[in-house]
Structure formats: C-alpha cells, structure tokens
Amino acid sequence: MLQVAFIRENKNAVINGLAKRNIDATEMINDVITLDEDRRNLQTQLDNTKAESNALSKEIGNLFKSGEVQKANVLKEKTTQLKDTVKTLEQELNEKADALNELLYKIPNVPNEIVPAGNTDEDNEEVYREGDIPTLFDGALPHWELAKKYDIIDFELGNKITGAGFPVYKGKGAKLQRALITYFLDKNTEAGYTEIQVPHLVNEASGFGTGQLPDKEGQMYHVTADNLYLIPTAEVPATNIFRDTIQNEDELPKAITGYTPCFRREAGSYGAHVRGLNRLHQFDKVEILRVEHPDKSYEALDGMVEHVKGILKELKLPYRILRLCGGDLGFTSALTYDFEVFSTAQDRWLEISSVSNFETFQANRLKLRFKNNEGRNELCHTLNGSSLALPRVLAGILENYQTEDGIKIPDVLVPYTGFDTIS
RNA sequence: GGAGAAAUGGCAGAGUGGUCGAAUGCACUGGUCUUGAAAACCAGCGAGGGUCACACCUCCGGGGGUUCGAAUCCCUCUUUCUCCGCCA
C-alpha cells in the first residue's frame, strides 16, 4: 500500500497518476488525508492523557512507599477518570486507524511516468519484438492437438483426477517440462539469482504482505481448515521471506529465483482462450525476485527484461514485449513489462512473463526496509518477474517447432531432455 | 494426536508488580592510542507513532484481562524444545 506521508505530500501527483488507471481517486485521497489528520489528533490527545496517568501512577507508588496512603487514594480516583478517557480515545483512535487502513488497502500503486494511459490490453505499448514467426506446413496443429497426437499431455485424465485445468503431463511431455524448469533455474542462477525452494501454501499474513489479500481473495484456493492459501505465484512466499526485516544497505540487492507450481481459481474465465495450456488452475513457473535500493530499482527492472530476452532468444521463440497501460497494470505494480510468445497455430500472442517494479508498495506492507548511510530506516523497492511461466512456453515450443515428422526440441534444451524430437 | 517446559533487543542472557525500553557479554559504529592493524580504553548502538526540533506515547511471541501501575499475575492463541504415539 501507499505511504500516508507520501500521499499527504504528493496529493496531486497521486491523483493524476491514478487517473491513468481510469480511477478518479480525488475523493479517496481526500478521505485519506482527513482520516490521517483525525488519527494524529486523537493520537496526541491519547498520548497526553496517558502521560498524565503515568505520572500519577508514579506518584502513587512513591506515596505508598512513604506510607501516605490517604494521599495515594485521592490520586487513585483521579487516575480512574483518566482511565475512562483513555478507553474512549483508544476506541476512537482504533476506528480511525482501521478506516484509514481499509481505505489504503483499496488504493492501487501509482503508475510510473512512462506508463501509457489506457483501458484494456489494446492500449498496451509494444516496445520490442524479436524472432521470426515460422511458416508452418499445411496441417499444422494447435498445441492441444499435438499433445494428444503424441500423447504427451492428457487433459481428460486431469479432468478425471481433479477437474478442468489440471492436466497430466506424460512421457516426453513431462520430461520436456522438467527440462525447461531446470534450464530456467540454471539461466537465472548464472545471472546471479540464488535458487530457493519455498512452501506452496502460505498464511494470511503473507497474503496481505504481497497484496493478494484482500484484493484477490477469490482468486486463491483457500484451505479453510488451517486458514492457508495455495500460492498463485512464487512471488508470495518468496517476497515474504523479507517481511519485517531490515537489510544492510551494502547487502542490497537481494536476488532470488525459485520454481513452484502455481494455483489459480481463475473464476470467470471461459471459452476458447482457456483451451489447452492457455489458462490452467495449476501450472509451473520459475520466478525471479529482487530487493533493491530505491535509486537502483529501474536499472534493475531493465536488467530483468534483458535477462528474460536472453532466454527467449536462446529458445528461438518469436516474442514481443509490451509496456502495460494503466488499465491493465496490476494492483501493486508501478511499471510492468509483459512478454508474449507467438502461438503460430493459434495465431495469437500468449503471455509468458510479466516483469514488474513495485517500488515501495509491497515493501510498505511488508515492512521491508534497509538502514541507509545516515542510520535511518528506509523502505526497499521490490521487483519480480517470471523467468519463465511453463505452459505457454511449452505451447509455443510445441506449435512453433512442429514438423511433419514430429516436434523438434530447441537446441539449448536437448542437453536437458536427452532427446531432440518428439514423434 | 497426548504429556510437560519455554518464548525478552542482531545473537547470548538477567530481570522481587512500581523510577525497566529493560542489566551484562558478544557483535556493530565513532574516537583515543599505534607507522598500520590487533589489544586496551572512552562513547554510541532496537522499532513504530509524534514534533520544525524536543517533549511525550506504544512495543519484552500475538490477542484479551486483573491493577492506580504488568516484561513480571490470570486467560487464550501461535511457535519452539523434551518425552510418548503415528509416519513419508
């Protein structure tokens, strides 16, 4: 969430920034400022009352010590009155603070200057494109047909075991998937990211820390018996590693990478766009994540984009990079680049990576800080990205690398798969 | 799952219900000394709110209670450790 002090000092910039998301935040921002003023007034009153009460208590203690019980009893009555005042003030203060927080939770991050205004994915700005779109032979198939033809992914079997959106990968399909995971992790590790393995279920506090709660409650699978959530992305457990920590400035940046399955309810999705591997309830993803000094986070974001580009180049997949417009930008993000691979047989682009800078938006909730040179604690910037999401990369490979004799495996993956064709 | 013990600052570890935000040691930062370093000595050293800055307020695992006053007493939750049971 945004910092109140920041909103107070940059009121107009915040309102103008949020306008890019097609939100008129004027009223919300004014409410924040009023609530915050009220809160601070109450806090001061409460503090003063408590100070008075504390002083009296001390005096009472001294009087008891010196045996002046009667005097002490007189003071006791005074403190009783103060206690009532404290109670009322505390209640009012809590109400204000809760109202303020509730409001703050609802305000999304302020987009970076270079984020284009816009409503839908049509307004996203293409900033880069690379790779030739192959011309496929007559009779080329979309990946779900290929999956069936070569018996490498079984969607029906997944339906039987769990339900729609939980495919079973078989034989060379399973092996290719595992090869991709290992390949991605290796590339990320080479680039300086430390590999980690994290829990696939998280508690409520972690959900709030990264902003999935309360914003996207309905999108996560909730294990009610233990009040845990299945992770929608490794971002949640990985970022929460840093919750409530104070980093040393000279130990920044922190860069980690991890593979996890991701679970998403995808309530409201339907139709041809969810066909095959396009949209699943469970899928695999390798994530990269950075904790950065505020001065260096945009440089780091560019570095992450370059890193993902390098991987796609090696895989020889046609892709493009979009700068998301305000309307398409995630709740917590200040700037996001989406990578899309071209699915030749479907004749459409598939999102395979999303690389974002959250600036202090997550760090504020997480209380993720660093001690700066002056010894003061300051919020870090957090960034993350997919490197990469598996199913759609898989779809891209299957479709773009298909030949009449089978599916070729990209050269860089052959050492990982141990075979060069699926036939 | 059952029984018992515990939870204090970066770490270790004191703390009879009253002057404790908390002893002490280590670590860390600055200084003296030294050609330099080490050692020694001196000083500083948790977080949040609040203020122009002070003052002041809050925090001793989380939440609630008793009391004029709680790190200290009571309830509850969570976590850790030991023993038993079960088990990849």
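Letters A, B, ... mirror the listed sequences (proteins, then strands); counts begin at 1.
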* Asked: Between Val393(A) and Phe184(A), does a side-chain contact (heavy atoms from CB on, under 4.5 Å) hold up when you go through it step by step?
  -> CA-CA 11 Å; Val393(A) 172; Phe184(A) 291 150; 4.2 Å; yes
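- Considering all non-hydrogen atoms of both residues, Glu266(A) and Leu280(A) come closest at CG-O, 4.0 Å.
- Across every strand in view, rA53(B) sits unpaired, with no contact that passes the Watson-Crick or G-U test at under 3.5 angstrom.
- At distances below 3.5 Å, not a single donor-acceptor pair connects side-chain atoms of Asn188(A) with backbone N or O atoms of Tyr193(A).
- As the counterpart of rU82(B), rA3(B) is assigned, both hydrogen-bonding distances of the Watson-Crick or G-U wobble pattern falling under 3.5 Å.
- When each of Thr79(A) and Lys50(A) is assigned the nucleotide of RNA chain B bearing its nearest heavy atom, the one mapping closer to the 5' terminus is Lys50(A).
- rA22(B) is unpaired under the criterion used here, namely a Watson-Crick or G-U wobble arrangement in which both key atom distances are under 3.5 Å.
- Contact between the side-chain N/O atoms of Asn73(A) and the OP1/OP2 oxygens of rC68(B) is not found at any separation under 4.0 Å.
- Distance noted for atom C1' between rA37(B) and rG44(B): 23 Å (whole Å).
- Minimum heavy-atom separation, Thr382(A) to Asn357(A): O-OD1, 3.4 Å.
- The nearest heavy atom of RNA chain B to Ser53(A) and to Ser57(A) marks one nucleotide each, and the one closer to the 5' end goes with Ser57(A).
- One atom, NZ of Lys87(A), and another, C1' of rC68(B), lie 14 Å apart when rounded to the nearest Å.
- rG65(B) and rG49(B) have their P atoms separated by 25 Å, given to the nearest Å.
- Rounded to whole Å, the separation between the P atoms of rG4(B) and rC77(B) comes to 14 Å.
- Using P as the reference atom, rG46(B) and rA55(B) are 14 Å apart when rounded to the nearest Å.
- Contacts between residues 35-45 of chain A and RNA chain B, defined by a heavy-atom separation under 4.0 Å, are made by Arg39(A), Arg40(A), Gln43(A).
- Under 4.0 Å is where a charged nitrogen must lie from a carboxylate oxygen, and between Arg39(A) and Asp36(A) at least one such pair does.
- Between rU8(B) and rG13(B), the two C1' atoms lie 9 Å apart (nearest whole Å).
- A gap of 27 Å separates the C1' atoms of rC87(B) and rA6(B), to the nearest Å.
- For residues 92-103 of chain A, proximity to RNA chain B is found at no residue, defined as any non-hydrogen atom under 4.0 angstrom from a strand atom.
- In this entry the distance linking NZ of Lys76(A) with C1' of rU67(B) reads 8 Å, nearest Å.
- Between the CD atom of Glu204(A) and the P atom of rU78(B) there is a distance of 14 Å, rounded to whole Å.
- Nucleic acid contact class of Leu75(A) (heavy atoms, under 4.0 Å, all strands): none.
- Rounded to an integer number of Å, the gap from Leu56(A) CG to rG18(B) C1' is 14 Å.
- In this structure, rC87(B) forms no base pair with any nucleotide, since neither Watson-Crick nor G-U wobble geometry is met with both distances under 3.5 Å.
- The base of rG49(B) sits with one of its N or O atoms less than 3.5 Å from a complementary donor or acceptor on the side chain of Asp47(A).
- Between the P atom of rG65(B) and the NZ atom of Lys83(A) lies a distance of 10 Å, rounded to the nearest Å.
- A straight line from NZ of Lys58(A) to P of rA70(B) spans 13 Å, rounded to a whole angstrom.
- Residue Arg369(A) places no side-chain N or O under 4.0 Å from the OP1 or OP2 atom of rA47(B).
- Nearest to the side chain of Ala51(A), among rC57(B), rG18(B), rG50(B), sits rC57(B).
- Contact record, Leu252(A) with Cys380(A): CD1-SG, 4.3 Å, taken as the closest heavy-atom pair.
- Pair check for rG69(B) finds none; no Watson-Crick or G-U wobble contact set falls under 3.5 Å.
- With both pairing distances under 3.5 Å, rC41(B) is matched to rG31(B) as a Watson-Crick or G-U wobble pair.
- Ring pair Phe283(A)/Phe263(A): centre-to-centre distance not below 6.0 Å.
- Between rU79(B) and rG25(B), the two P atoms lie 36 Å apart (nearest whole Å).
- The partner of rU16(B) is absent, by the rule that a Watson-Crick or G-U pair needs both atom distances under 3.5 Å.
- Between the CG atom of Leu46(A) and the P atom of rC57(B) there is a distance of 11 Å, given to the nearest Å.
- To the nearest 0.5 Å, atoms NE2 (His293(A)) and CG (Asp250(A)) are separated by 11.0 Å.
- As rounded to whole Å, 13 Å separates atom P of rU67(B) from atom CG of Asp84(A).
- Between rU72(B) and rG21(B), the distance separating the two C1' atoms is 15 Å to the nearest Å.
- Between Asn62(A) and the phosphate of rG18(B), there is no side-chain N or O to OP1/OP2 separation shorter than 4.0 Å.
- For Tyr169(A) and Asp154(A), the side-chain atoms include no donor-acceptor pair closer than 3.5 Å.
- Between rU58(B) and Asn54(A), a contact under 4.0 Å exists linking OP1 or OP2 to a side-chain N or O.
- Residue-environment remark: CD (Glu90(A)) exceeds the threshold of 12 foreign heavy atoms within 6.0 Å.
- Base pairing of rC59(B): its partner is rG46(B), meeting the Watson-Crick or G-U wobble criterion (both donor-acceptor distances under 3.5 Å).
- Between Glu145(A) and Lys148(A) there is no salt bridge, since none of the side-chain N atoms of the basic residue sits less than 4.0 Å from a carboxylate O of the acidic one.
- The side chain of Arg8(A) lies closest to rG50(B) when the candidates are rU58(B), rA47(B), rG50(B).
- Other residues, nucleotides and ligands contribute more than 12 heavy atoms inside 6.0 Å of the CG atom of Asn159(A).
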